[in-house]
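Every chain is numbered from 1 and lettered A, B, ... according to where its sequence line falls, protein lines coming before strand lines. Computed from heavy atoms alone, side chains included, the values below leave out hydrogens, waters and symmetry copies.
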Protein chains: 2
Amino acid sequence: MIKRNPKTHQSNLQDAIKATAWQQIAEYGAPALSLRAIARELNITAPAIYNYFADRDALVTALVIDAYTSFGDSQLASLETVAVDDHANRLKAIGLAYRAWAHRYTQRYLLIFSTPIPGYAPSIDQIGPSSARSIRPLFSVVEAMRVAGRLNDAAYRPIQPAYEAHFEQWRAYFDQVHPLTHFVAMTIWSRVHGFVSLEINGHFPPFGENGDGLYLSEIDAIQRQFLHKVS
Amino acid sequence: MIKRNPKTHQSNLQDAIKATAWQQIAEYGAPALSLRAIARELNITAPAIYNYFADRDALVTALVIDAYTSFGDSQLASLETVAVDDHANRLKAIGLAYRAWAHRYTQRYLLIFSTPIPGYAPSIDQIGPSSARSIRPLFSVVEAMRVAGRLNDAAYRPIQPAYEAHFEQWRAYFDQVHPLTHFVAMTIWSRVHGFVSLEINGHFPPFGENGDGLYLSEIDAIQRQFLHKVS
DNA sequence: AGTGTTAATATACACCGTTTACTAAAAAAT
DNA sequence: ATTTTTTAGTAAACGGTGTATATTAACACT
């Protein structure tokens, strides 16, 4: 008959579990995530967590959704101070925000884009919405370029018929955006992601948090390739 | 006094451990790698593995080096059938080989570029050589372009002085290649990697193993941006 | 007061990497 | 040829993990 720690009596234990998980992920990295460690920190027993999350994967899924939300917020916020018709600077702002967020919240970034939790595979049904939301700001920037007639489609290659079905199904999360917009946005995303991914995972030299020439030149290249001059 | 299974008496148990590890990684994924499972498969006990690898991380490091070697072989082989002065097609060949290898050996790809083993962090000293070797073919293609005067340096931005030291140290693995070559090669690598990484990790729709428009257009863009026309 | 539900516990199981102590066989040394 | 040393395995155990089961304490509602 052990008297439970008052900590466990806080209004929402579910949130406390997630908060502790984030704290431990930030401190020891996502792979070290442990239900038992979380329970210890909260002065409860490990099985108690199962009252709030079906299993470890359910907790991780909740964390992934949180990470996507944080990422989406950052993407959205980066556009607030840039005029909606200043396409060049909107591309630049959202591109820099991508990298800055990854550096600021490395563990969240890895949780989304790497697979640091052994045996965990996210279900598209659950994370789809928050994932789509996080990418939508980039899509909106590109779509604005297209609507303004400033989207360069020289590189556009239609999706091969064989993959059209898959593509269409996957695109359901993106409000049936214009194919050209989708094409360009995914290309931009893949470039920005490629740089940041290699950097975060230690395959590039450690540039630090500040912008550097290589990344800025990639943003330049994106602007030059996809943004028409005003005609 | 148990008579050991003949399997354990094969000439090189170290290689057998690695082979079994690869087999289980291919079947169940890298995160499920387990020394005990390997030992079971080989009819030995788990601690016996410690005669051949200092600990789990040492085994993983050996696997990572193998993966880099396989990747480097693939990169090298892709250039064999293309004339050394056919820069456009060398870029294309090596780019397609990158993606094809990642699809063919997904688990090896993830082992290198993701961090699927909990708690494992590769030491640059040990994997540096095989890692550098795997990237060198790309560097050689770009360097050949530069020497032939066909490398477009319009986007080049010198490394910021603050990072020059780090950069130089890291570059020691790459035979002091020309800075411009290094700059362009890293950019190309990051683009190709970005696409494949998103694809392999399920953030892009499943295009399958065959080439598709989006990836080919990225290779096009790389050619157009960095390869001068013959002057 | 009694009943049903909720949320925690205690216990247990099967797995993991790793350490220690021990042993049998092979190799080396005398 | 005998003794010693090294090698390469085993057995047992420690502390860790996620999770299932059964049980118990506290609460809300009739």
Colleague: Which pairs, protein N/O on one side and nucleotides 20-22 of chain D N/O on the other, fall under 3.5 Å?
Modeller:
none

Colleague: I need the CG-C1' distance between B/Leu13 and D/dA8, as an integer number of Å.
Modeller: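 Taking atom C1' of D/dA8 as the reference, CG of B/Leu13 is at 9 Å.
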Colleague: Counting side-chain heavy atoms from CB outward, which of D/dG9, D/dT10, C/dA7 is closest to B/Thr45?
Modeller: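 Closest nucleotide among those given: D/dT10.
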Colleague: Within the 4.0 Å heavy-atom criterion, would you say A/Leu59 contacts the bases, only the backbone, or no part of the nucleic acid?
Modeller: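 No contact.
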Colleague: Would you kindly give the CG-to-P distance between B/Asn51 and C/dA25, to the nearest whole Å?
Modeller: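 So the CG-P distance, B/Asn51 to C/dA25, works out to 17 Å.
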Colleague: May I ask you to establish whether A/Arg99 and A/Tyr215 are in a cation-pi arrangement, using a distance under 6.0 Å from NZ or CZ to the six-membered ring centre and at most 45° from the ring axis?
Modeller: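 Because its charged atom sits under 6.0 Å from the ring centre and within 45° of the axis, A/Arg99 does stack over A/Tyr215.
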Colleague: Distance check needed: D/dG16 C1' versus A/Tyr28 OH, whole Å only.
Modeller: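 Going from A/Tyr28 (OH) to D/dG16 (C1'), I get 15 Å.
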Colleague: Measure from the ring center of B/Tyr109 to the ring center of B/Phe113 and say whether it is less than 6.0 Å.
Modeller: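 Between B/Tyr109 and B/Phe113, the centre distance is under 6.0 Å.
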Colleague: Tell me if the aromatic rings of A/Phe71 and A/Tyr105 count as close, with their centers under 6.0 Å from one another.
Modeller: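 No - the distance between ring centres of A/Phe71 and A/Tyr105 does not fall below the 6.0 Å cut-off.
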Colleague: Pick out which of A/Leu138, A/Val142, A/Val141 makes a side-chain contact (heavy atoms from CB on, under 4.5 Å) with A/Arg90.
Modeller: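 Only one option passes, and that is A/Val141.
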Colleague: Less than 4.0 angstrom between a side-chain N/O of A/Ser34 and OP1 or OP2 of D/dT17, yes or no?
Modeller: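 Yes.
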Colleague: What integer distance in Å separates A/Asn43:CG from C/dA10:C1'?
Modeller: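 Spelled out: CG on A/Asn43 to C1' on C/dA10 is 17 Å.
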Colleague: Does A/Arg108 make a cation-pi contact with A/Trp22, if we ask for NZ or CZ under 6.0 Å from the ring centre and within 45° of the axis?
Modeller: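 Cation-pi check for A/Arg108 and A/Trp22: passes.
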Colleague: Quick check with a 6.0 Å cut-off and a 45 degree axis cone: is A/Arg133 positioned over the face of A/Tyr68's six-membered ring?
Modeller: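 No, cation not above the ring by the 6.0 Å, 45° rule.
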Colleague: On DNA chain D, compare the nucleotides closest to B/Ala48 and A/Asp57; which residue's is nearer the 5' end?
Modeller: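 Upstream on the strand: B/Ala48.
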Colleague: Mind running side chain to side chain donor-acceptor pair (under 3.5 Å) on A/Ser140 and A/Glu143 for me, showing each step along the way?
Modeller: CA-CA 5 Å; A/Ser140 75; A/Glu143 173 69 6; over 6 Å; no
Colleague: Could you state the atom-to-atom distance from CZ of A/Arg56 to P of C/dC15 in whole Å?
Modeller: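 One finds 17 Å between P of C/dC15 and CZ of A/Arg56, rounded.
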Colleague: So if I take every side-chain heavy atom of B/Tyr52 and compare against C/dA8, D/dA8, D/dA13, which nucleotide ends up nearest?
Modeller: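 Per side-chain heavy atoms of B/Tyr52, the pick is D/dA8.
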Colleague: Rounding to 10°, can you tell me the angle the first-five-pair axis of the helix from C/dA1-D/dT30 to C/dT30-D/dA1 makes with its last-five-pair axis?
Modeller: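 The two end axes of the helix from C/dA1-D/dT30 to C/dT30-D/dA1 meet at 10°.
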Colleague: Can you find a pair of side-chain heavy atoms, one from B/His193 and one from B/Trp189, that are under 4.5 Å apart?
Modeller: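 The answer is yes, as the side chains (C-beta and beyond) meet within the 4.5 Å cut-off.
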Colleague: Do B/Phe183 and A/Leu214 have side-chain heavy atoms sitting under 4.5 Å apart?
Modeller: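 SC-SC contact between B/Phe183 and A/Leu214 confirmed.
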Colleague: I want to check one thing: is the phosphate of D/dT17, taken as OP1 and OP2, less than 4.0 Å away from some side-chain N or O of A/Arg40?
Modeller: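 For D/dT17, OP1/OP2 do have a side-chain N/O of A/Arg40 under 4.0 Å.
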Colleague: Is a donor-acceptor contact shorter than 3.5 angstrom present between the side chain of A/Arg36 and the base of D/dG18?
Modeller: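 Yes.
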